[in-house]
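To start, the structure under review is shown below, and the notes come after it.
Please read these numbers as outputs of a predicted model, since none were measured by experiment.
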Amino acid sequence: MCGRIVQYRSPEDYAAALRLSEPDPGLSLRPATFNGAPGQDFLIVRQEGEGNEPVLCISQWGFAPDIAGDRKMSARLATAHAETVVTEGSFCAAYRYRRCLVPVDSFYEWKKLGPMGKQPHAVGMEDGRPFTLAGLWENWRGPEGAWLRTFAIVTITSNKLLAGINDRMPLIIDPQDRARWLSDEGHPGDLLRQHPSEGMARWLVSPEVNSLRNNGPSLLAPMAAAG
DNA sequence: CCAGACGTTGTT
DNA sequence: GTCTGG
DNA sequence: CCAGACGTTGTT
DNA sequence: GTCTGG
């Protein structure tokens, strides 16, 4: 599903990895996280207007539809289905005009074990390098007039690597496709596809990741399968 | 995504 | 179960 | 309970 | 996700 992500590097590191120009120094104030959840702030990449270069900025995970108006902020959508993002009411304008990238080092998926509970796995790239998830962003105006920039992560059917864990995975945008995803192209539909299993890795991690009280590099430590 | 709260009525 | 907070 | 909708301005 | 309609 993608409800927990890792974004532990500095803005400078992500900028270098994504070949962006030097990021705003203020972004360094954002705490890095090994256990990031909806409701928290993350670095995202946006391109405002064609011809402008993509830049890193801060945004809160949990898409607040502009139609939300005075509706509760609880209408915060952490994910958007790639299959319906073109037409789906709350997302289609954001898909058309406000796509973004979420640079991550890995993400977590929980495998349901029936009555036995669930088992967390980390997922990343085999080479350990950061990669980018497809996102949609929106400015939402709160009741007191304050503006909040929010985003959702686009998900798609799981590839072979992840099918055994969960039926959906985040939409990963490969380096050669990032510019198009950020561009003002109306409907880059061919990018709405599964990332192949090849080049990706998954491994069992400790249930310590369940609680947001825990946050540190040890959350990514591979754990031997029980039994 | 997961963890944790969930009540202030009216007598099981 | 549903909702909120992180 | 499930199915289906969820914005209409002018692109932040 | 939340809400409405059936």
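Remark: the separation of the P atoms in E:dC3 and C:dG5 is 15 Å, to the nearest Å. A gap of 15 Å separates the C1' atoms of D:dT8 and D:dT12, to the nearest Å. Nucleotides E:dG1 and D:dT9, compared at atom C1', are 24 Å apart to the nearest Å.
No donor-acceptor contact under 3.5 angstrom links the side chains of A:N159 and A:H195, judged on distance only.
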Give the dot-bracket line for DNA chain B from 5' end to 3' end: parentheses for intra-strand Watson-Crick or G-U pairs under 3.5 Å, square brackets for crossings, | for inter-strand pairing, dots for unpaired. ||||||......
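One interatomic measurement links the two molecules: CZ of A:R168 to P of E:dG1, which rounds to 12 Å at whole-angstrom precision. Per the geometry, CH2 belonging to A:W61 stands 18 Å off P belonging to C:dG5, to the nearest Å.
Within the 4.0 angstrom heavy-atom criterion, no nucleotide atom of any strand lies near A:R96. Nucleic acid contact class of A:Y108 (heavy atoms, under 4.0 Å, all strands): none.
Among residue pairs with one or both ends in residues 120-129 of chain A, none qualify as side chain to side chain donor-acceptor pair (under 3.5 Å); sequence neighbours excluded.
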Distance-only donor-acceptor pairs under 3.5 Å for side chains of residues 208-219 of chain A, two or more places apart:
unit_1, atom_1, unit_2, atom_2, d
A:N210, OD1, A:W110, NE1, 2.8
A:S211, OG, A:R213, N, 3.2
A:N214, ND2, A:E208, O, 2.8
A:N215, OD1, A:F34, N, 2.7
A:N215, ND2, A:T33, OG1, 3.4

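Put simply, the residue from A:L56, A:I173, A:T132, A:V102 that forms a side chain to side chain contact (heavy atoms under 4.5 Å, CB included) with A:V45 is A:L56.
Heavy-atom contacts of chain A under 4.0 Å fall on DNA chain B between two terminal nucleotides, which in 5' to 3' order are B:dC1 to B:dG4.
Applying the ring pair (Phe, Tyr, Trp, His ring centres under 6.0 Å) criterion to A:Y14, with sequence neighbours excluded, gives no partner residue.
Of the residues in residues 28-39 of chain A, those with a non-hydrogen atom less than 4.0 angstrom from any atom of DNA chain C are A:A37, A:P38.
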